[in-house]
Amino acid sequence: MRFVCRAQQHKGFTLKTYFCTSNFYLMIEQILIGKTKEAVKSLYQLDASLAQIQLQNTRKEFAGDITLVVFPFTKVSRKSPEATAAEIGDYLQANVAEVESYNVIKGFLNISIKKEYWINFLTENYTIDQFGFQQTNDNQPIVIEFSSPNTNKPLHLGHIRNNLLGFSLSRILQAAGKNVVKVNLVNDRGIHICKSMLAWQKWGNGETPESSGLKGDKLVGKYYVIFDKQYKEQIATMVADGAIPEDAAKKAQLIIEAQQLLQKWEAGDEEVIGLWKKMNGWVYEGFAKTYKTLGIEFDKTYYESQTYLHGKELVEEGVQKGVYTRRADGSVWIDLSAEGLDEKLLLRSDGTSVYMTQDLGTATQRQKEYNPEQLIYVVGNEQEYHFQVLKVVLKHLGCAWSDSIYHLSYGMVELPAGKMKSREGTVVDADDLMQEMFDTSEAMARELGKIESFDDDEAKNLYRTIGLGALKYFILKVDPKKNMMFNPSESVDFNGNTGPFIQYTYARIKSVLRKAEEANFEFTTLQSGDLLPQEKELLKKIHDFPAMLIQAADMHSPAVIANFAFELASEYNRFYHELTILKEENLPSRGLRLCLSQFTAMVISNSLWLLGIEVPERM
RNA sequence: GGCCUCGUAGCUCAGUGGAUAGAGCAGCAGCCUUCUAAGCUGCGGGUCAUAGGUUCGAAUCCUAUCGAGGUCACCA
């Protein structure tokens with residue numbers, strides 16, 4: 001179970017500057033890195049490492065486009081930062097055709113790139129739909145597990161963060177050229193589902209999703225809650241009669257019956273298996289609806305009922321090999337004190353499996369099936385210890401590939417009232433939350449008078465697109481590893497740094513583009529004048545996209561893309577506000593701005609796609 | 001108690017050893033006869049938890065302290 005009761009690192013890279021080629025274009029950063037290497041070799045006989053060549057975008061308050069930090073070279077140049085920067089600047093200006101000029105401020109070499117480079121960059125890329133995306137390779141895949149629900153209750157806000165992170169990351173990795181396999185692991189067996197089954201047998205009166213109109217997962221969840229309530233009452237009664245609370249919890253009739261149900265299940269009792277299949281079937285129907293609404297899908301779904309036995313075999317294998325030890329009571333353990341961890345249980349004394357057991361099974365199975373480059377688990381940070389142990393336990397079994405396991409450990413979602421607790425009714429249900437978002441976006445659209453020309457289907461689709469855009473962006477813009485605050489009533493907004501803001505920018509651009517096409521305006525980058533500051537800033541922001549994608553993939557962080565998308569949209573809105581496009585009388589300028597607009601729309605759309613967010617043509 | 005995270009503006013968050021720490025929200029003041037105002041512009045708002053250290057340079061790395069959370073089950 002990846003989720004326990006409530007909803008719910010790495011520093012893998014040091015390379016400062018991300019550089020890459022788009023499919024059809026050599027980016028200026030790559031050229032400058034190569035030539036800077038040459039420059040310091042020629043000037044100071046230094047073989048510079050990539051870490052020493054620090055390029056960054058020039059801050060807006062200074063002249064220039066790209067800045068080289070020259071402090072790392074002052075040791076070998078034995079000159080002041082200013083003099084060093086000037087020497088390197090001279091070299092670059094003489095040897096790089098794209099360099100227009102430079103200026104030096106303290107140890108910062110601010111390089112201005114020629115207009116021709118920028119125009120050429122625009123011309124070469126603005127019609128390339130997949131600008132910045134890498135071709136997917138057929139190498140070893142990356143297998144990414146996310147969602148991982150239990151079948152005894154509906155999906156909630158914690159699952160939403162998990163699903164959005166997993167799904168977005170899989171798209172980011174795919175766009176970065178990786179061969180990605182998305183897998184789900186459903187915890188369909190165990191005492192939790194038996195509790196729901198027992199309560200349904202006792203108090204269900206044959207209720208089904210059809211008879212009650214309740215969504216399947218909600219119905220099963222309802223009986224889980226009923227079990228818990230009745231169980232607590234039994235305990236209370238027993239305690240009132242003088243029992244010790246701990247004993248009562250173990251000896252209450254209901255929990256005994258649930259355990260018997262589990263034993264029957266493990267023994268393959270036909271009636272129990274039949275009920276189990278029926279109720280899980282309801283849950284899967286419910287989950288499928290939620291996933292569909294959320295826009296999440298998987299390449300493959302694993303079920304713990306089919307993998308836990310494999311885990312048991314592996315533990316036996318470990319005992320045979322002598323790497324795990326069986327105690328007198330029959331339980332199996334591994335001693336990890338040499339690794340600075342504790343002793344860990346792998347199999348109970350009664351022979352039943354624990355959490356770790358099935359994870360050994362699923363990991364090994366995936367390894368055999370895919371031989372992946374990396375095995376990613378999107379699971380909350382409360383389970384960091386579990387995955388740490390999992391890797392070591394596998395290693396003891398001789399699985400060298402356990403190093404390829406990567407736990408994407410994300411922070412908890414907190415509510416203003418504190419943690420979500422299902423038993424206290426403070427869980428934010430996934431379906432309810434999405435519906436609220438749809439309702440809010442409808443109310444907003446009506447209030448703003450945005451949908452007068454929309455038919456019903458179009459309008460409904462728009463509420464869905466925007467509501468989901470707001471929710472997904474709100475969650476994904478936060479660094480995955482950090483805990484985040486979710487305030488349902490206030491936090492999800494439609495203005496400012498939000499999904500709808502970015503979607504709106506896209507719709508705005510599309511409106512301009514439609515009008516330009518109707519009027520048969522020419523899209524052209526051939527123009528004589530200089531790029532205006534607004535045009536250039538926008539183009540430079542777009543130019544950053546390929547590097548941002550690589551950074552996001554490297555850091556396993558959709559937040560990088562989210563923040564980029566916001567900055568790009570903001571930049572476009574400024575451009576849009578300060579310059580006219582359709583009414584521009586200078587035709588080359590008009591053509592250029594149309595190309596810029598088209599390019600921006602494409603990159604916004606691709607960025608949001610990486611986050612699993614759709615864009616509306618009108619809003 | 002051991003181990004692991006986190007602490008940046010009133011709130012939610014960016015900031016991966018580099019320049020004067022940035023956004024959004026909230027507050028205040030402007031901008032629709034003009035390509036979509038779900039937009040744009042301006043103002044105010046900071047002991048980057050605290051104290052040391054490393055470095056040419058620290059919100060960022062190290063140490064300690066304080067505060068918050070997580071984890072250390074024959075739970076998952």
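The chains referred to below are lettered A, B, ... by the order of the sequence lines, with proteins before strands, and numbering in each begins at 1. These values consider heavy atoms only, across backbone and side chains, with no hydrogens, waters or symmetry-generated copies.
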Salt-bridged, [X] to [Y], with N to O below 4.0 Å?
X: E316(A); Y: R326(A); answer: yes
X: E339(A); Y: K344(A); answer: no
X: R618(A); Y: E458(A); answer: yes

Is there ring stacking between F71(A) and rG18(B), where the centres must be under 5.5 angstrom apart and the planes under 30 degrees? yes

Contact class for [X] vs. all strands (heavy atom < 4.0 Å): base, sugar-phosphate, or nothing?
X: R574(A); result: sugar-phosphate
X: D350(A); result: nothing
X: Y385(A); result: sugar-phosphate
X: M619(A); result: base
X: L579(A); result: base
X: I466(A); result: base
X: V69(A); result: base
X: A516(A); result: nothing

Quick one: sort the F486(A) and F474(A) rings into parallel, tilted or perpendicular, breaks at 30° and 60°. perpendicular

Could you pull out all donor-acceptor pairs under 3.5 Å where a side-chain atom in residues 586-597 of chain A meets a protein atom, sequence neighbours excluded?
{"unit_1": "N586(A)", "atom_1": "OD1", "unit_2": "S589(A)", "atom_2": "N", "d": "3.0"}
{"unit_1": "R593(A)", "atom_1": "NE", "unit_2": "E535(A)", "atom_2": "OE2", "d": "2.8"}
{"unit_1": "R593(A)", "atom_1": "NH1", "unit_2": "T580(A)", "atom_2": "O", "d": "2.8"}
{"unit_1": "R593(A)", "atom_1": "NH1", "unit_2": "E584(A)", "atom_2": "OE1", "d": "2.8"}
{"unit_1": "R593(A)", "atom_1": "NH2", "unit_2": "E535(A)", "atom_2": "OE2", "d": "3.4"}
{"unit_1": "S597(A)", "atom_1": "OG", "unit_2": "Y572(A)", "atom_2": "OH", "d": "2.8"}
{"unit_1": "S597(A)", "atom_1": "OG", "unit_2": "R593(A)", "atom_2": "O", "d": "2.8"}

Under 4.0 Å between a side-chain N or O of [X] and OP1 or OP2 of [N]?
X: R348(A); N: rC75(B); result: yes
X: K482(A); N: rA14(B); result: yes
X: N381(A); N: rC4(B); result: no

Under 3.5 Å, is there any donor-acceptor pair linking the side chain of T580(A) to the base of rC35(B)? no

Can you find an N or O donor on one side and an acceptor on the other, under 3.5 Å apart, linking the side chain of K450(A) with the base of rU36(B)? yes

Distance in Å, T505(A) OG1 paired with M619(A) CE, rounded so as to fall on 0.5 Å steps: 8.5 Å

Can N187(A) and Y355(A) be counted as having a side-chain donor-acceptor contact under 3.5 angstrom? no

If we ignore angles and hydrogens, is there a donor and acceptor under 3.5 Å between the side chains of Y473(A) and Q503(A)? no

Just checking, R161(A) and Y410(A): is the charged tip under 6.0 Å from the six-membered ring centre and within 45° of the axis? no

Output row for RNA chain B, stems defined as at least 3 consecutive Watson-Crick or G-U pairs under 3.5 Å, is B:1-7 with B:66-72, B:10-13 with B:22-25, B:27-31 with B:39-43, B:49-53 with B:61-65

Using atom CZ of F387(A) as one end and atom C1' of rU5(B) as the other, report the distance to the nearest whole Å. 17 Å

Round to a whole Å and report the spacing from CD of Q534(A) to C1' of rC40(B). 13 Å

So which protein N/O to nucleotides 19-23 of chain B N/O distances come out below 3.5 Å?
{"unit_1": "rA19(B)", "atom_1": "OP2", "unit_2": "R59(A)", "atom_2": "NH1", "d": "3.3"}
{"unit_1": "rA19(B)", "atom_1": "N6", "unit_2": "T67(A)", "atom_2": "OG1", "d": "3.1"}
{"unit_1": "rA19(B)", "atom_1": "N6", "unit_2": "N110(A)", "atom_2": "OD1", "d": "3.4"}
{"unit_1": "rA19(B)", "atom_1": "N1", "unit_2": "N110(A)", "atom_2": "OD1", "d": "3.4"}
{"unit_1": "rU20(B)", "atom_1": "OP1", "unit_2": "K106(A)", "atom_2": "NZ", "d": "3.4"}
{"unit_1": "rG22(B)", "atom_1": "OP1", "unit_2": "R59(A)", "atom_2": "NH2", "d": "3.1"}

Nearest-nucleotide check on RNA chain B, S349(A) vs F494(A); residue mapping nearer the 5' end is F494(A)

Test ring pair (Phe, Tyr, Trp, His ring centres under 6.0 Å) applied to Y302(A) - qualifying residues, sequence neighbours left out: none

Filtered N/O pairs between nucleotides 29-32 of chain B and protein, under 3.5 Å:
none

By salt bridge (Lys or Arg N to Asp or Glu O under 4.0 Å), E578(A) pairs with (sequence neighbours left out) none

